[in-house]
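Heavy-atom basis, side chains included; hydrogens, waters and symmetry copies ignored.
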Amino acid sequence: MLRGMIQRTCLAIASTAQTLIVRDKHVFNRAVLKPKVRCHFPKPMEVKRINVHGWNTRMSTPEGRRVLMNRILKGRHVLSH
């Protein structure tokens, strides 16, 4: 009985450690920073908004990466569209 509890505790600690390692991989890791998915996508104006202000557009230029970094440092919940 005690052995089973120790094994479960070790597994829980290992999974938590793996999660922390994955989350600290890179500051621009999209899976960590933007986990939510919008519903009813794409609407025409959403396509335009994302093409202009989206994550991939921001990451494609040095100025866009600077915008994202400033939003990360300020603590914004939403970084891009």
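- Side-chain contact between Leu79 and Ile72 is present, with at least one heavy-atom pair separated by less than 4.5 Å.
- Side-chain heavy atoms closer than 4.5 Å link hydrophobic residues (I, L, V, M, F, W, Y) into clusters, and following such links, even through other members, never connects Met45 to Ile50.
- Met59 and Val67 fall into different hydrophobic clusters, defined by Ile, Leu, Val, Met, Phe, Trp and Tyr side-chain heavy atoms under 4.5 Å apart, directly or through other members.
- For the pair Thr57 (side chain) and Asn51 (backbone), a donor-acceptor distance under 3.5 Å is present.
- Side-chain contact between Arg58 and Arg65 is absent, with no heavy-atom pair separated by less than 4.5 Å.
- The two residues Arg71 and Val78 have their closest heavy-atom pair at NH2-O, 2.7 Å.
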